[in-house]
Amino acid sequence: MSLFNDLGRKVEELKQEVGNATDDEATHRCIECDTLLYTDHDECPECGSTSVIPISD
């Protein structure tokens, strides 16, 4: 059973690392709903707002 617990923990760690890496790749964000976007959009695909701004480093 320990093998499955270790495997589950490793999978969860990998999912968290991938999530953090993709957040770092975002180039724009919606001011209204705080959705991170990876390309420039005229409207937010989540809420439809036109308040999409570039993320400055």
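The basis for the numbers below is simple: all heavy atoms, side chains too, and nothing from hydrogens, waters or symmetry mates.
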J.: Ignoring hydrogens, what is the shortest heavy-atom contact between Glu46 and Cys33? Give both atom names and the distance.
T.: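 Nearest heavy atoms, Glu46 then Cys33: CB-SG, 4.1 Å.
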J.: Which residue in the set Leu37, Val52, Ile55 passes side-chain contact (heavy atoms from CB on, under 4.5 Å) when paired with Arg29?
T.: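 Per the side-chain contact (heavy atoms from CB on, under 4.5 Å) rule, the option paired with Arg29 is Ile55, out of Leu37, Val52, Ile55.
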J.: Would you mind reporting whether Glu13 and Lys10 have side-chain heavy atoms less than 4.5 Å apart?
T.: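 Yes. Closest side-chain heavy atoms under 4.5 Å.
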J.: Which residues pass the salt bridge (charged side-chain N to carboxylate O under 4.0 Å, His left out) test with Asp42, not counting sequence neighbours?
T.: none
J.: Work out which heavy atom in Glu32 is nearest to a heavy atom in Cys47; give both atom names and the distance.
T.: CB-SG, 4.1 Å
J.: Tell me, please, which residues at least two apart from Ser49 pass side-chain hydrogen bond (donor to acceptor under 3.5 Å, both in side chains).
T.: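 Here the qualifying residues are Ser51.
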